[in-house]
Amino acid sequence: MSSQDRILKALLSQITQIENIQPGDFPDVDLYMDQVTTYLDTHIASIKFDEDDVVLTKTMINNYVKSGVLPPPVNKKYSKQHLIMLIFIYYFKGILPVSEVKKMLDPINEEFFNDDDMNVEFIYSEMYDSIKNQIVKTSKDVYSKSFEARQHFTDIKDISEREELQNFIMMGMLAFDIFLKRKMLEKLIETNYNMQTNKKSEQSAKGGKSGKNDKQDKSDKSKK
């Protein structure tokens, strides 16, 4: 087995062991900040590729609240909805700047965070299965790219040099794949954000007209 194959096998093994918090496993009681960071560190430890990685710190969470990425806690306590949004933030911040993460989450925070019928817990449960499927699909895709990379530079006799160049092809394919998907993601975020902005503008306009009509009715009645 080549060094490339060994590294790939180890990485994919780690990826397939990723376990997200199951939808029904979030605490029903609200948590203070220390409890939140401990909970996240404990329950999504499998996501970390390095033992020294920190999931989310107190400072990071406070900054997300200040910048509007995360709704503020109530009486310094965070609900299960907050925990779910923090998991989303943890994933998204690895590939997007905070400003884009905010745009992505704004519609969810404003429309569904405190909604009784369609809340973030239900949204998370729907995404949970999709993420599990994505891990399997990603593993297959990476294996496919690895096989394709090994079809290049086969005429080079020096094993070390051949593997180095094949690794570069592999990295290039992964990088280009991420580049394309990030561009699509950015466009989708912008589209969704604009849809929400337009909806808010229409609702505001309707509210304004309604207010004017009410005032006009009152004025007409007073003249009578």
Original post:
Any ion pair linking K58 and D34 (charged N to carboxylate O, less than 4.0 Å)?
Top reply: yes
**OP:** Could you tell me whether E202 and K206 have a side-chain N and a carboxylate O separated by less than 4.0 Å?
**Re:** no
**OP:** Indicate yes or no: at least one non-hydrogen side-chain atom of H82 is less than 4.5 angstrom from one of L70.
**Re:** yes
Subject >> pair L185-I95: side-chain heavy atoms closer than 4.5 Å >> reply: yes
Original post:
So, T42 side chain and T38 main chain: donor-acceptor pair closer than 3.5 Å or not?
Top reply: yes
**OP:** Any chance you could pull the hydrophobic cluster mates of F168, using side-chain heavy atoms under 4.5 angstrom and chaining through other members?
**Re:** M171
Original post:
Hey, are K181 and D177 close enough for a salt bridge, meaning a charged N less than 4.0 Å from a carboxylate O?
Top reply: yes
Subject >> Partners passing side chain to side chain contact (heavy atoms under 4.5 Å, CB included) against L188 (at least two apart in sequence or in another chain) >> reply: none
Original post:
Does a side-chain heavy-atom distance below 4.5 Å link V69 with N63?
Top reply: no
Original post:
Is a side-chain donor or acceptor of S125 paired with a backbone partner of F122 at a separation under 3.5 angstrom?
Top reply: yes
**OP:** Measure across P71 and V65 and return the closest heavy-atom pair with its distance rounded to 0.1 Å.
**Re:** O-CG2, 4.1 Å
Subject >> Min side-chain heavy-atom separation N62-M33 under 4.5 Å >> reply: yes
Original post:
Looking at side-chain heavy atoms only, is the closest gap between L105 and M85 below 4.5 Å?
Top reply: yes
Original post:
Are the charged groups of D141 and K145 less than 4.0 angstrom apart, N to O?
Top reply: yes
Subject >> Test item: S79 and V74 side chains (from C-beta on) under 4.5 Å apart, heavy atoms >> reply: no
Original post:
So K183 and E186, side-chain contact (heavy atoms from CB on, under 4.5 Å) or not? Walk me through it.
Top reply: CA-CA 5 Å; K183 289 298 179 184; E186 289 172 350; 3.8 Å; yes
Original post:
Is the F26 to Y124 ring centre distance short of 6.0 Å?
Top reply: yes
Original post:
Taking C-beta and beyond as the side chain, do N20 and K132 meet within less than 4.5 Å on heavy atoms?
Top reply: no
Original post:
Is the shortest heavy-atom distance from the side chain of Y78 to the side chain of I61 under 4.5 Å?
Top reply: yes
Original post:
Quick one: do the Q81 and E121 side chains pair a donor with an acceptor below 3.5 Å?
Top reply: no
Original post:
Which atoms form the tightest heavy-atom contact between I108 and V120, and what is the distance?
Top reply: CG2-CG1, 3.6 Å
**OP:** Please identify each residue that fulfils ring-ring contact (aromatic ring centres under 6.0 Å, His included) with Y64, with sequence neighbours left out.
**Re:** none
